[in-house]
Number of protein chains: 2
Amino acid sequence: MDNHRAYDTIKEQEAGPVARAGLSAEVLTKAGAELADEVGFEQVTVTEVARRFDVKVASLYSHVKSSQDLKVRIALLALTELADRASEAIAGRAGRDALAAFAEAYRGYAREHPGRYQATRLRLDPETAAASAAPRHAQLTRAILRGYHLPEPEQTHAVRLLGGAFHGYIELEAAGGFAHTPVDPQASWDWIVDSLDALLRARAEH
Amino acid sequence: MDNHRAYDTIKEQEAGPVARAGLSAEVLTKAGAELADEVGFEQVTVTEVARRFDVKVASLYSHVKSSQDLKVRIALLALTELADRASEAIAGRAGRDALAAFAEAYRGYAREHPGRYQATRLRLDPETAAASAAPRHAQLTRAILRGYHLPEPEQTHAVRLLGGAFHGYIELEAAGGFAHTPVDPQASWDWIVDSLDALLRARAEH
DNA sequence: CCATTTGCCTAAATGGTTTAGGCAAACGGG
DNA sequence: CCCGTTTGCCTAAACCATTTAGGCAAATGG
């Protein structure tokens with residue numbers, strides 16, 4: 001039962017005094033998010049995160065409850081980052097400008113951080129979702145729609161249309177669904193933003 | 001080394017002559033699809049499928065190459081079923097009718113077969129995707145758009161808009177994203193189909 | 001300077017995946 | 001009808017990720 005001693009000896013021979021890795025839920029979440037961007041969100045494992053800190057797997061369990069807990073934390077981080085980015089994008093803009101900037105914020109984030117973007121689609125239980133940045137996303141969309149003067153319940157319909165359209169397009173693009181058609185995805189994106197702007201303006205007048 | 005004998009004895013005592021389970025890639029795929037609808041696509045494991053046939057896990061490996069292979073087969077099955085359903089829905093319809101029927105086919109399939117619908121978003125490698133029913137989905141969308149007389153490249157833009165909008169809406173709805181707003185999802189869906197129809201008609205004229 | 005807390009450890013159980021090798025049932029030609 | 005081959009499912013065992021339990025030592029603070 002002198003395994004600890006043997007370990008310490010080796011450790012001290014090889015790396016000097018045993019250094020603490022400085023783990024915390026935040027640091028692990030950040031590392032998990034980076035891992036997700038590199039290998040995909042589904043491929044995030046506590047084992048790989050531990051490897052990156054050169055630490056034993058069990059050590060992570062003092063900071064996160066489970067593998068699922070780690071994934072939820074990554075999702076919450078991504079939702080917050082994405083809401084911050086969208087919020088900054090629409091600041092000082094209105095109408096078509098705001099819509100285009102908002103759309104670009106989402107698409108840009110998904111391109112730069114594919115794993116984090118995948119994480120935003122993790123199914124959260126209702127309480128967690130309500131306490132997350134998810135409601136901010138809906139609020140930001142409503143802020144854009146203020147420029148179009150839609151009455152309820154049409155404003156809610158429009159929130160759902162925009163959320164679905166942007167999210168769905170990004171997902172189909174990421175899945176490689178556009179690879180076999182020689183039409184520039186950027187051109188489609190611009191056309192779609194344009195068309196949705198026209199749609200909303202038409203709906204406002206009735 | 002007489003484990004086989006021991007096993008056979010038990011088997012014969014308990015269940016008579018050793019019956020073959022009648023496994024095949026098709027049967028396993030079907031069972032996997034049903035499992036997906038019950039517990040979610042990510043929760044599909046070869047272990048659970050084996051349990052359902054009362055068969056040892058290793059036995060499945062004569063029929064499917066790996067756990068991933070099973071998942072790909074489920075995805076291909078779902079893509080085919082969904083394309084069949086969409087195809088039937090738009091037969092004999094045009095314009096707004098076709099669009100609404102197409103949309104309803106997707107949403108209905110996702111509601112009735114949530115796990116299979118999740119499977120349709122599995123990332124397939126390009127060759128597999130090209131040989132799947134995925135191209136049929138794009139063709140079906142183009143069939144609907146014939147009624148709107150859009151020139152290229154706008155027709156391609158519209159294919160991407162419709163694919164993204166329907167898919168994104170279904171995903172957001174399934175994720176519970178609409179739970180905290182007291183607006184009927186069906187009403188939003190109808191409004192969205194209506195709006196997209198108007199959008200396409202407007203784009204056709206210019 | 002000692003007591004407590006904190007951080008990471010070893011050890012071991014659980015469970016899904018996968019390969020290797022084997023027996024026996026089914027099948028088809030002589 | 002019998003025997004060789006194929007097919008179907010088996011046992012056994014390795015691998016890897018997850019998770020819990022329990023322990024030592026560094027850091028912390030009175």
Side-chain angles (χ1 to χ4, degrees), chain A residues 1-29 31-32 35-36 39-74 122, chain B residues 1-29 31-32 35-36 39-74 122:
Chain A
M1 280 289 184
D2 51 349
N3 297 315
H4 300 306
R5 188 156 300 284
Y7 163 77
D8 289 348
T9 304
I10 291 166
K11 238 347 198 202
E12 281 160 8
Q13 281 175 351
E14 289 183 1
V18 185
R20 297 201 173 183
L23 305 184
S24 70
E26 288 70 31
V27 167
L28 294 177
T29 303
L35 177 58
V39 304
F41 183 61
E42 305 81 26
Q43 274 65 50
V44 171
T45 65
V46 291
T47 301
E48 181 56 31
V49 173
R51 222 181 332 257
R52 300 204 164 195
F53 284 98
D54 196 26
V55 139
K56 295 295 174 181
V57 184
S59 305
L60 269 53
Y61 283 80
S62 315
H63 305 284
V64 297
K65 280 208 304 295
S66 64
S67 178
Q68 184 61 20
D69 179 41
L70 175 64
K71 285 181 183 150
V72 169
R73 286 172 188 272
I74 295 170
L122 182 67
Chain B
M1 282 285 186
D2 52 350
N3 297 314
H4 301 304
R5 188 156 301 282
Y7 162 78
D8 290 346
T9 305
I10 290 167
K11 239 348 196 194
E12 281 161 7
Q13 281 176 353
E14 287 183 5
V18 184
R20 297 200 173 185
L23 305 184
S24 70
E26 289 67 32
V27 167
L28 294 177
T29 303
L35 177 58
V39 304
F41 183 60
E42 305 81 27
Q43 275 65 51
V44 172
T45 65
V46 290
T47 301
E48 181 57 32
V49 173
R51 225 180 330 255
R52 300 204 164 194
F53 284 97
D54 197 26
V55 138
K56 295 295 174 180
V57 184
S59 305
L60 301 200
Y61 283 80
S62 315
H63 306 284
V64 297
K65 279 207 307 296
S66 64
S67 179
Q68 184 61 21
D69 179 41
L70 175 63
K71 285 179 183 151
V72 169
R73 286 171 187 272
I74 295 170
L122 182 67

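Chain identifiers are assigned alphabetically (A, B, ...) following the order of the sequence lines, protein sequences preceding nucleic acid strands; residue numbering begins at 1 within each chain.
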Protein-nucleotide distance (B:Leu23, atom CG; D:dC9, atom P), rounded to Å: 4 Å
How long is the line joining CD of A:Glu42 and P of D:dA17, in whole Å? 16 Å
What is the separation between atom CD on A:Gln43 and atom C1' on D:dC16, rounded to the nearest whole Å? 15 Å
What is the distance from CG of B:Leu28 to P of C:dT17, rounded to the nearest Å? 13 Å
Quick one: is D:dT18 close enough that its OP1 or OP2 comes under 4.0 Å of any side-chain N or O from A:Ser67? yes
For B:Ser62, report the nucleic acid contact type (base, sugar-phosphate, nothing); a contact means any heavy atom under 4.0 Å. base
Closest nucleotide of DNA chain D for A:Ser66 versus for B:Ala58: which of these residues is on the 5' side? B:Ala58
State which of D:dA17, C:dC8, D:dC9 makes the closest approach to the side chain of B:Val55. D:dC9
Please state how far atom OH in A:Tyr61 lies from atom C1' in D:dT19, giving the value in whole angstrom units. 5 Å
Taking every heavy atom of B:Thr45 against every heavy atom of B:Glu48, the minimum-distance pair comes out as OG1-N, 3.0 Å
So, is B:His63 close to the D:dC9 phosphate, meaning a side-chain N or O under 4.0 Å from OP1 or OP2? yes
A:Phe53 versus A:Leu28: any side-chain heavy-atom pair under 4.5 Å? yes
How close or far is atom P of C:dG16 from atom CD of B:Gln68, stated in whole angstroms? 18 Å
Residue pairs involving residues 59-69 of chain B (criterion side-chain hydrogen bond (donor to acceptor under 3.5 Å, both in side chains); sequence neighbours excluded): B:Asp69-B:Arg73
The side chain of B:Val57 lies closest to which of these nucleotides: D:dC10, C:dT18, D:dT18? C:dT18
Expressed as a whole number of angstroms, how long is the span from A:Glu48:CD to D:dT18:P? 10 Å
Smallest heavy-atom separation, A:Val49 atom then A:Leu70 atom, equals CG2-CD2, 4.1 Å
How long is the line joining CG of B:Leu60 and C1' of D:dT11, in whole Å? 15 Å
When every non-hydrogen atom of A:Leu23 is compared with those of A:Leu60, the smallest separation belongs to CD1-CD1, 4.0 Å
Among the nucleotides C:dG16, C:dT18, D:dA17, which one has an atom lying closest to any side-chain atom of A:Thr45? D:dA17
